[in-house]
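The structure appears below as structure tokens.
Both ligands and their constituent atoms are indexed starting at 1 by order of listing. Numbering of residues begins at 1 and proceeds along the displayed sequence.
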Amino acid sequence: MKLLIREIIIVLLSLIVINESVKLSAVKNKYHKGVKAYTDERWTECIAQFEESISLYRVYRKRIINCRLKCNRNQYNSEIQNNIEDLKIYELLLKKTVCLKQCIGSVADTHLQEEFQDIIPIMSARKPFEYLHVCYFQMNALPKAASAAYTFHFGHPDDITMLNNVKYYSQQPEVDVNEIEDLLIENFMIYYKNGKDAYNKNDWEKTITNFEEAIKDYFSVENNCRAECELQPDQQISSEFFITIANNIASLLHCQQQCQDILKKFSYQSGIEFLTDVLDYLQISYYYTKDYEGAAEAVSTYMVMIPDAEDMIENKKFYSSFVDKEAFVNRSDIVYYFKRDTYEKMILNLFHKDSDEGSFKIKDEL
Ligand SMILES: *[C@@H]1O[C@H](CO)[C@@H](O)[C@H](O)[C@H]1NC(C)=O
């Protein structure tokens, strides 16, 4: 009965959050209350405030990202019939801006107020977990402390202090090492791991299911990360219009390219490396399930990204005895990803080259 009441309260609470706009100010407020409680050694309060800040931020982030994805996907009608100067591009950008302002205003109403935006990098850097593990530890909740420390460690692999904390927790008798987890882990990593486990057991059907899901989820996670790049504070403003625009574009693309590094964690790969790796597992698994079309498609798509991979050239020859030439089709989502990535790298090189030649100044880090 007790459990039932608790579940009902949780459902009610989440309904309230779903219907109301999430304020960035509330995320910031909870976070700072958490820090204050930590400093005052009020551990229960510390846990409550940080946990709330984390779950509010999760909802908030999802909504902002959805707005950006939606406004980027929209097909906008053009009022401009002819291609005169850059007017069509301006029109598109203006319409996108209207869409974004409306959407963000309706789901997260303090987002556009700069005084609250400084909480965003703090939350994405997993900062609450740096405090939380101590508060859990003080309350004797060691398994939770272990996972909180591990979650921070996952975002900051070079932080030796936290690594030592994780080691300490994992040696405690109350803690089951297998249950220490990154509380913010992405699904594609879980699918990837399950896919590999299934592969090692020669369970081809399960390997295929997991790796196919891994690809789908990877795209979704990377696209979310890319959408987050649309918030670019501290941009250099030049009084020369196009220099300001160019700086912003370079900064956006640079951030979007960095998503591949952010998603590359410990034993997990990202970007082209990840996709080719998964396609390799898939082509073998499709072969063993006698789905030769699936195998041919995986090999062909692999070679879009790495045309001269010798073992794939061999595989292609081998599969040619099972299927027609027409079976070597390329997966459109992966081809799209690859093209976008190639063009982005090309444009960024252009920025580098031109800024080296001093024709305009862009941010130092680029
Ligand atoms: C797949 O991509 C490769 C490399 O870009 C290309 O040569 C080939 O024609 C494509 N296959 C199909 C069926 O479109």
Side-chain angles (χ1 to χ4, degrees), residues 69 72-73 75 89 186 188-189 191-192 195-196 198-199 204-227 229 249-250 252-264 268-353:
L69 294 177
N72 284 337
R73 253 198 326 263
Q75 296 288 331
I89 300 174
E186 301 292 359
F188 80 86
M189 297 178 179
Y191 287 127
Y192 182 87
K196 252 176 128 166
Y199 180 86
W204 312 117
E205 300 282 351
K206 206 168 165 198
T207 310
I208 292 170
T209 315
N210 277 292
F211 280 124
E212 289 291 358
E213 286 301 320
I215 293 181
K216 254 194 260 166
D217 190 65
Y218 179 79
F219 282 145
S220 151
V221 170
E222 197 186 308
N223 284 336
N224 287 348
C225 175
R226 294 167 59 84
C229 289
I249 292 174
L252 174 73
L253 291 180
H254 180 69
C255 173
Q256 291 185 323
Q257 279 284 317
Q258 272 189 328
C259 284
Q260 294 174 21
D261 297 333
I262 292 170
L263 296 181
K264 188 186 294 186
Y268 300 100
Q269 297 168 324
S270 66
I272 304 298
E273 250 182 337
F274 170 77
L275 294 172
T276 45
D277 185 37
V278 170
L279 285 173
D280 196 6
Y281 283 110
L282 279 176
Q283 57 95 9
I284 297 171
S285 310
Y286 278 123
Y287 168 74
Y288 281 121
T289 57
K290 297 194 166 55
D291 181 348
Y292 303 120
E293 274 82 18
E297 190 186 58
V299 165
S300 185
T301 310
Y302 186 109
M303 290 174 69
V304 170
M305 295 180 276
I306 311 179
D308 51 1
E310 279 173 23
D311 41 354
M312 284 303 146
I313 296 174
E314 289 305 313
N315 286 337
K316 192 173 174 181
K317 275 187 209 152
F318 177 64
Y319 292 136
S320 295
S321 57
F322 295 93
V323 292
D324 295 338
K325 252 192 179 148
E326 287 72 44
F328 291 91
V329 288
N330 304 319
R331 292 177 170 221
S332 58
D333 51 350
I334 297 184
V335 171
Y336 177 90
Y337 179 92
F338 178 69
K339 280 190 182 159
R340 183 181 68 189
D341 190 55
T342 311
Y343 290 141
E344 275 179 4
K345 289 187 163 77
M346 191 189 79
I347 290 185
L348 277 170
N349 274 334
L350 210 67
F351 275 114
H352 283 299
K353 202 167 129 259

- [ ] Give the atoms of ligand 1, by number and element, whose distance to some non-hydrogen atom of Val304 is under 4.0 Å.
- [x]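 Near Val304, the atoms of ligand 1 are 1 (C), 2 (O).
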Task: Those atoms of ligand 1 less than 4.0 Å from some heavy atom in Phe328 - done: 11 (N), 13 (C)
Open item on the list: Looking at Arg331, is its backbone amide N or carbonyl O close enough to the side chain of Thr301 to form a donor-acceptor pair, meaning the two atoms are under 3.5 Å apart?
Closed with: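 At least one qualifying donor-acceptor pair exists.
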Open item on the list: Test your reading of the model: is there a side-chain donor-acceptor pair from Gln256 to the backbone of Arg226, 3.5 Å cut-off?
Closed with: yes
Open item on the list: Return the closest protein heavy atom for atom 3 (C) of ligand 1 as residue, atom name and distance.
Closed with: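 Here the closest protein heavy atom is Asn330 ND2, 3.7 Å.
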TODO: List the steps and the verdict of ring-ring contact (aromatic ring centres under 6.0 Å, His included) for Tyr192 and Phe211.
DONE: CA-CA 6 Å; Tyr192 182 87; Phe211 280 124; 5.6 Å; yes
Task: N or O pair under 3.5 Å between Ser300 and ligand 1 - done: no
Open item on the list: Closer than 4.0 Å and a protein heavy atom, does any atom meet both conditions relative to atom 11 (N) of ligand 1?
Closed with: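 Under the 4.0 Å cut-off, atom 11 (N) of ligand 1 does have protein heavy-atom neighbours.
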TODO: Flag the pair Tyr287 / Phe318 as yes when their ring centroid distance falls below 6.0 Å, and as no otherwise.
DONE: yes
- [ ] Applying side-chain hydrogen bond (donor to acceptor under 3.5 Å, both in side chains), run through Tyr302 and Asn315 and close with a yes or a no.
- [x] CA-CA 11 Å; Tyr302 186 109; Asn315 286 337; over 6 Å; no
